[in-house]
Amino acid sequence: MSETRYTDQHEWVRLEGDNATVGITKFAAEKLGDVVYVELPAKGKAVKVGAEAAVVESVKAASEVYAPVGGEVTGANEALTTEPSKVNDDPEGAGWFFQIKLSDTGEFAKLMDAAAYAEFTKSP
Amino acid sequence: MRYLPLTTDDRRAMMAKIGVSEIDALFRDVPKGAIAPLSAFNLPDTQGELEVDRAMSKLAAKNIAAGSAPTFCGAGAYKHHVPSAVDHLTQRSEFLTSYTPYQPEIAQGTLQYLFEFQTQVALLTGMEVANASLYDGSTATAEAVLMAQRVTKRSKAILSGGLHPHYAETVDTVAGLFGEMKRAPVTPGSAEDIIALIDEDTACVVVQSPDVYGLIRNLRPIADAAHAKGALLIAVVTEIVSLGLLESPGAQGADIVAAEGQSIGNGLNFGGPYVGLFATREKFLRQMPGRLTGETVDAEGRRGFVLTLSTREQHIRRENATSNICTNSGLCTLAFTIHMTLLGEEGLSRLARLNHAKAVALADRLGKLKGVEVLTPAFFNEFTVKLSKPAAAVVDALAAKGILAGVPASRLGGAADLLIVAATETATDDDFAALEAALNRALA
Amino acid sequence: MAMNNQGRPSDAGAGAGQTSGIVTISGDRGLDHEEKLIFELGHGAVGVDLPDVKIADDRLGGMRRKGAVGLPGLSEPETIRHYVRLSRKNYAIDSGLYPLGSCTMKHNPRLNEKMARLPGFGDLHPLAPASATQGALAMISELMKWLTVLTGMPAVAMSPKAGAHGELCGLLAIRAALEARGEGHRKRILVPESAHGTNPATAAFAGFTVDEVPAKPDGHVDADALEAKLGPDVAAIMLTNPNTCGLFEPRVKEMADAVHAAGGYFYCDGANFNAIAGKVRPGDLGIDAMHINLHKTFSTPHGGGGPGAGPVVLSERLAAFAPLPLLVHDAKGFRLIETRAEAPEGAQPFGRMCAFHGQMGMFTRALSYMLSHGRDGVRQASEDAVLSANYILASLKDVMSAPFGEGPCMHEALFDDSFLEGSGVTTLDFAKAMIDEGYHPMTMYFPLVVHGAMLIEPTESESKESLDRFIHVLRTLALEAKTGQTARFEGAPHFAPRRRLDETLAARKPILRWKPAQLQEAAE
């Protein structure tokens, strides 16, 4: 059983137990254009909510990806380093960035659900 | 005014189209009183080519050009012969008067020579990747230290005492904002024990070879020691011709090479513009400052070149950029790459051997003079001598006789009795004899 | 296709300008030659004649190179042909109008090139003794005088090597001045959101935090918002004036007074000095530091992206903190102060920006330009630059959309892409179509505060005929785009040495150098 929530910085988080998988939303991937490079956090790194955890670069922009929840990084999608195009092809699936072992489930609960995020991206 | 095509009639017609009757109507947002009358500028009026040429030539004639005198000045800038083809090609309008190649379809000329330049620099330095150049060797060195701070997430740098003092001060001014820049003490002509200074907080060790006193350093043990503590080795080269004869910094384990490329293709120009060479390992590519040109294809599948990885730069990343530099040294890289192409493998090797042979011959001659002691045991085309009198006074005395005897170390904050002497392919036996005779008299 | 006796197509016809479908045997297309890399052309020839000195007994301390460098060998004629062919793939000011806003692509007088190459300047060693360099030091001193008189500022630091380097120099001087006052805690710098990206980059680099100031809908900096943000932690404001939207900031003096009253400094980005040189003195506006791009306002060549030069003029309050070296003049003549120990009474140099003394080769060119123009010519050049930009604005604003079109602009005319809305033609398509028409595109997507910005800076170097032709082409392009005639925009440029290049591929799989075939294969 999993649940997906979204941040106002256009990250998505899918929670399964206390394991959160993080990526950037389809909306963000389209805004960025062709992604050419992804820098991922090291396994075992402790991140606080809102801290810079990864970097994503397209031809025209570079953005930080912030940790939507705090915890310890348990894995990173190394496939992105050789095939960054996965972020455009399947942003909310094969294009995931990293996984975090959650330290506080309360942080997850504060994020937007799918409907709220859809509304959020609609407003100018 | 010969550079302004608009006539008075044109200006009148254009103002009519705009709907104003006087030019100052277009400056209406300038605060009242802030438009200065012409008389507020105490400066001369328009002059013709002849008058300007005359005034500038008069100033130029008061200097002693390196090519007009026996010249032994080095210490970071070197007199070399530049083939005539170089200047003719760099003065082509299409190179001289174009901008940064942001429209690659109509800038392939610039982009391709930058790609060739990057390859030449990588080959020379023994590194995997090089950028399209930085301002000069000193700013390249400062950028190298900043990059090492980013890569290692440490702040301290250890600067060899043999690093050109201007370079050390440039590093200090910029990278010193972020951490301690520890300078190792120096004994001219010998290598300091820099390894003992490396610790777990060290981001990088910066070693110049040949150093400012001309000494060739063995970088391998320093690289190994730095790597053992998780630090990087930055190798600095101020005389790039030396790499035609010396083992490359890459082959000795350097992680970043920062070098001055002036010697190839570029004139002395009283200190600038020069061309900063910057090369590193592929794994550090994303942390590298400066512009990069990369190969790609166009819509018809033909090979072409573009500026790439530009998201590292300030016009996109703004306050998150890798550095604040936004230009390379375009035309100087062109001069470098043309000269290097003319030299090729064989030419560069001959040029380097010729330089070394001249310097060895000069060191041997000077070493025999009374009051002169050669301090540098291993050198390329430059060495340091200890004089029995203050070097600055000797240099002044010889300049009065039309000889540029070298650079007094005191000019760079060094000891008063040391003179840094360089001999390149341009020095002749007559030059040697003139220096010898004049030194003999000055030191008597 | 029917040819007239000049060898040109006599009838443009439907396929005008299209390649005729003929594929040449060589791959070249007339004057447009395909050119290999030097590494593919090299064959062991040599382009220089140097003696083959054998070194039996080297003094290299055991560090002699063991392997080859791997450089290709070409003779002089091959080398010249290679670079001449490459040069022909470049657009240049000398071949056409180059309307890149904020870059000031003006004519580069050839007298300047000649003067920079006088042996007394071009072949002068930077560490030659003062007695051998009096003319060069006098030349720099003369240029310093021009820069200080034109700006109405008392001092100038000459060593910064480019505009961004000048920004850093100015901010480090401000930092040093604050520390000397015991107010090193002032760390916030106010930067308008319309600023060039180097401004926040430099501020962050110099250890400051960046606080963005919004722009007003009329393109000016919101002076009220700026004043509201001032406080005891503010180090400086960093404005561009004339600003990046091509407008003069009418409340500039007021903002200067406010920041001074709050204890901060006023840094001005001088990138757009070409609109006001010889007419308005930045010193009269309350500016404390401003870099001057000699490669913009004072015509030193852009050279495909450098070298430039970025001297920084300084107010009385900052002058003491100028970096080394310092140029002094006394009874013995001119002399450089190169170490802190020799610094004169009161001078507190913050450090050193680079080895030696700056971009001498650019100084000679800039001074030649100034002496040629004189104060009257510099003023006329500024007026002509502003006049030409306004002429373009007035001639295009009915067909292209000018976000701030109601008032006069300074030396650049700003448009946005709203006139292309619904046309299917993108800003990029529009720019690339200009290439087919024989023009370098204007600056696009900058400033960021205007959506789809197109910034046109004609400079003072264009004749009215040249401007009229340019206007005609842009009007026609705009009208065609708006009326659905979009064929020429699709996939443009069609007539450049290359079609659009795949920048995504270049960034995803970076190839940044040539490699021998066997190495390339090994890597794949």
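Residue numbering restarts at 1 for every chain, and letters A, B, ... go by the order of the sequence lines.
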- Task: Could you walk me through whether C/D52 and B/R353 pass the salt bridge (charged side-chain N to carboxylate O under 4.0 Å, His left out) test, one step at a time?
- Result: CA-CA 8 Å; C/D52 188 7; B/R353 278 181 273 141; 2.5 Å; yes

- Note on the structure: Comparing C/H373, C/M105, C/R64, C/H82 against chain B, the one with the most heavy-atom pairs below 4.5 Å turns out to be C/H373

- List for me each residue that meets salt bridge (Lys or Arg N to Asp or Glu O under 4.0 Å) alongside C/E113, sequence neighbours excluded, and say none if there are none. C/R117, C/R365

- Task: Please answer whether the main-chain N or O of C/D94 pairs with a side-chain N or O of B/T97 as donor and acceptor at a distance below 3.5 Å.
- Result: yes

- Residue selection (most heavy-atom pairs with chain C, distance under 4.5 Å) from B/Q120, B/E346, B/K58: B/Q120

- Item | Contacting region of C/I435 [heavy-atom separation from chain B under 4.5 Å] | side chain

- Worked verdict on B/E247 versus C/R65 for salt bridge (charged side-chain N to carboxylate O under 4.0 Å, His left out): CA-CA 4 Å; B/E247 198 55 272; C/R65 176 182 276 276; 5.1 Å; no

- Query: At a heavy-atom separation under 4.5 Å, does C/A381 approach chain B through its side chain, its backbone, both, or neither?
  - Reply: both

- Query: How far does CE of B/M56 sit from CG of C/L367, to the nearest 0.5 angstrom?
  - Reply: 4.5 Å

- When the 4.5 angstrom heavy-atom criterion is applied to C/P493 and chain B, the contacting part is side chain

- Looking at B/K79 and C/D123, does any basic side-chain N land under 4.0 Å from a carboxylate oxygen? yes

- Query: Hey, does the Lys NZ or Arg CZ of B/K17 hover above the aromatic six-ring of C/Y391, less than 6.0 Å from the centre and inside 45° of the axis?
  - Reply: no

- Under a 4.5 Å heavy-atom cut-off, does chain B meet the side chain of C/L172, its backbone, both or neither? side chain

- Query: How far apart are the closest heavy atoms of C/S388 and B/L6, and which atoms are they?
  - Reply: OG-CD1, 3.8 Å

- Item | Which of B/A378, B/G330, B/G344, B/A132 touches chain C most, by non-hydrogen pairs under 4.5 Å | B/G330

- Task: Under 4.5 Å, counting heavy-atom pairs only, tell me which of C/V48, C/L247, C/L127 racks up the most with chain B.
- Result: C/L127

- Query: If every non-hydrogen atom of C/W514 is compared with every non-hydrogen atom of B/T119, which pair is closest and at what distance?
  - Reply: N-OG1, 2.9 Å

- Task: Look at the aromatic rings of C/F356 and B/H166 and report parallel, tilted or perpendicular, splitting at 30° and 60°.
- Result: perpendicular

- Message: For C/N108, which atoms come within 4.5 Å of any heavy atom of chain B: side chain, backbone, both, or neither?
- Response: side chain

- Item | Contacting moiety of C/F121, where chain B heavy atoms sit under 4.5 Å | both

- Item | Matching residue for B/E105 among C/K432, C/R500, C/K89 - test: side-chain hydrogen bond (donor to acceptor under 3.5 Å, both in side chains) | C/K432

- Item | Minimum heavy-atom distance between C/K253 and B/P31, given as atom pair plus value | CD-CB, 4.0 Å

- Message: Between C/Q134, C/R379, C/M139, C/E460, who has the most heavy-atom pairs with chain B when the cutoff is under 4.5 Å?
- Response: C/R379

- Message: Can you tell me which portion of C/S372 sits under 4.5 Å from chain B's heavy atoms? Options are side chain, backbone, both or neither.
- Response: both

